[in-house]
Amino acid sequence: MTTTTNTTSSPTLNQYGTYSGGLSTGSKTASETSKTPQTDAEKTASATKGLGDNFQTFLTMLTTQMKNQDPLKPLDTNDMTKQLVDFANVEQNIGTNSRLDKLVQLQSAGTASTNLAYLGRTVAFEGDNFQYTQGMTQAPLGYELATSAKSVRVDILDANGNIVRSMPGETTAGTKHAVSWDFKDNNGRAVQPGTYRLNVAPVAENKNDTIKTTTYTFGTVAGIGNNKDGETVLNIGTSEVPLSKLTTVY
């Protein structure tokens with residue numbers, strides 16, 4: 001008589017410090033880890049499908065309960081009605097979310113279409129870096145002081161941080177001061193095209209005080225997108241400028 005023996009290999013510790021040859025410990029497969037997060041529309045569709053399945057289960061349980069209820073202690077009508085109303089409210093909320101998702105998509109599409117008008121346009125915005133190109137006749141630079149200053153020095157710096165040109169600036173607060181630069185250095189020589197930066201150095205009446213300064217620069221819009229917060233941003237040079245930071249479109 002031949003006896004057949006079923007053998008089960010016991011888990012062994014491999015070179016990675018984990019056990020192999022045994023039962024799964026719940027590690028996720030590659031297909032599970034590669035799943036992308038659901039969009040709002042997908043979440044709404046999943047919730048709608050789940051609601052339908054749950055509602056069918058609820059009706060089955062409810063009818064079974066009614067069939068097997070104690071005649072002397074029947075199911076409370078008010079409680080049953082409340083449960084039905086609760087399900088109806090959930091269904092209405094999911095339906096509302098679905099319609100809101102569609103409205104948001106339509107609004108986003110309309111906004112994106114409108115923002116295309118910025119492409120190729122020169123705009124002024126809060127910032128300090130700008131690009132000087134050959135043939136440029138004006139640089140719409142500016143600044144604003146939070147409080148009045150004793151004196152103000154306006155510097156134009158090159159890409160290496162060296163001062164190319166220094167000029168005296170306006171000292172009053174609460175108004176945007178324009179910076180007029182003729183694209184020449186302190187010796188009157190024309191500068192080369194490239195990346196430059198506007199720096200404003202105010203001096204307060206009290207030397208221990210610091211004056212907050214907001215600078216305004218310019219650039220040409222090369223692209224349009226959204227940042228991680230969903231806000232529309234304009235691609236200007238190497239910077240992403242929020243649409244809310246724009247001050248002028250030329």
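The structure presented is a predicted model; accordingly, all values stated were derived computationally and were not measured.
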Handout entry: T215 OG1 to D128 CG distance, which is reported to the nearest 0.5 Å
Key = 4.5 Å

Exercise for the section: State plainly whether one hydrophobic cluster holds both L234 and V249, where clusters connect Ile, Leu, Val, Met, Phe, Trp and Tyr through side-chain heavy atoms under 4.5 angstrom apart. Expected result: yes

Practice task
Measure from the side-chain N and O atoms of T122 to the backbone N and O of Y250, and report whether any donor-acceptor pair falls under 3.5 Å.
Solution key: no

Practice task
Taking the side chain as every heavy atom from C-beta outward, state whether T217 and N129 have any atom pair closer than 4.5 Å.
Solution key: no

Exercise for the section: Look up atom CD1 in I211 and atom OG1 in T213, then write down how far apart they are to the nearest 0.5 Å. Expected result: 7.0 Å

Exercise for the section: Just jot down the side chain to side chain donor-acceptor pair (under 3.5 Å) partners of T195, sequence neighbours excluded, or say none. Expected result: Q131

Practice task
Would you check if L243 and K245 make a side-chain contact, meaning some heavy-atom pair closer than 4.5 Å?
Solution key: no

Handout entry: Residue pair F218 / V123, side-chain heavy-atom distance below 4.5 Å
Key = no

Problem - Side chains of V233 and N226 in contact at under 4.5 Å (non-hydrogen atoms) - result: no

Practice task
Could you tell me which residues satisfy side chain to side chain contact (heavy atoms under 4.5 Å, CB included) with D185, sequence neighbours excluded, listed by chain and number?
Solution key: V164, N187, R189, V191

Practice task
Say whether Y216 and E144, considering side chains only, have a donor N or O and an acceptor N or O under 3.5 Å apart.
Solution key: yes

Problem - Pair E231-S244, side-chain donor/acceptor within less than 3.5 Å - result: yes

Exercise for the section: For L246 and T248, run side chain to side chain contact (heavy atoms under 4.5 Å, CB included): C-alpha distance rounded to whole Å, both residues' side-chain angles, the deciding distance at 0.1 Å, then the answer. Expected result: CA-CA 6 Å; L246 260 60; T248 310; over 6 Å; no

Problem - Residues that T137 engages under side chain to side chain donor-acceptor pair (under 3.5 Å), provided they are two or more places apart - result: none

Exercise for the section: Just jot down the salt bridge (charged side-chain N to carboxylate O under 4.0 Å, His left out) partners of E240, sequence neighbours excluded, or say none. Expected result: none

Practice task
Spell out, yes or no, whether Y132 and M167 are grouped together once hydrophobic residues are joined by side-chain heavy atoms under 4.5 Å, including indirect joins.
Solution key: yes

Handout entry: pair V200-T214: side-chain heavy atoms closer than 4.5 Å
Key = no

Problem - Nearest atoms (heavy-atom pairs only) where R121 meets A117 - result: CG-O, 3.3 Å

Fill in the blank from the handout: Residues at least two apart in sequence or cross-chain that pass salt bridge (charged side-chain N to carboxylate O under 4.0 Å, His left out) with R153, listed by chain then number, are D155

Exercise for the section: Taking the side chain as every heavy atom from C-beta outward, state whether I156 and F130 have any pair of such atoms under 4.5 Å apart. Expected result: yes

Practice task
May I ask whether Y143 and Y196 are part of the same hydrophobic cluster, defined by side-chain heavy atoms of I, L, V, M, F, W, Y residues being less than 4.5 angstrom apart, directly or through others?
Solution key: yes

Handout entry: Exceeds 12 heavy-atom contacts within 6.0 angstrom, atom CZ of F125
Key = yes

Donor-acceptor list for residues 171-184 side chains, cut-off 3.5 Å, not counting sequence neighbours:
from : atom 1 : to   : atom 2 : distance (Å)
T172 : OG1    : H177 : NE2    : 3.2
H177 : NE2    : T172 : O      : 2.8
W181 : NE1    : K184 : O      : 2.9
D182 : OD1    : R165 : NH1    : 2.7
D182 : OD1    : K184 : N      : 3.2

Handout entry: CA sep, side-chain torsions, deciding dist, call: K150, E205, salt bridge (Lys or Arg N to Asp or Glu O under 4.0 Å)
Key = CA-CA 5 Å; K150 181 179 179 180; E205 293 290 346; 5.4 Å; no

Exercise for the section: List the atom of L157, the atom of G161, and the distance in Å for their closest heavy-atom pair. Expected result: CD2-O, 3.4 Å

Exercise for the section: To the nearest 0.5 Å, tell me how far T147 OG1 sits from K212 NZ. Expected result: 11.0 Å

Handout entry: Given T220, I224, N235, the one that forms side-chain contact (heavy atoms from CB on, under 4.5 Å) with L119
Key = I224

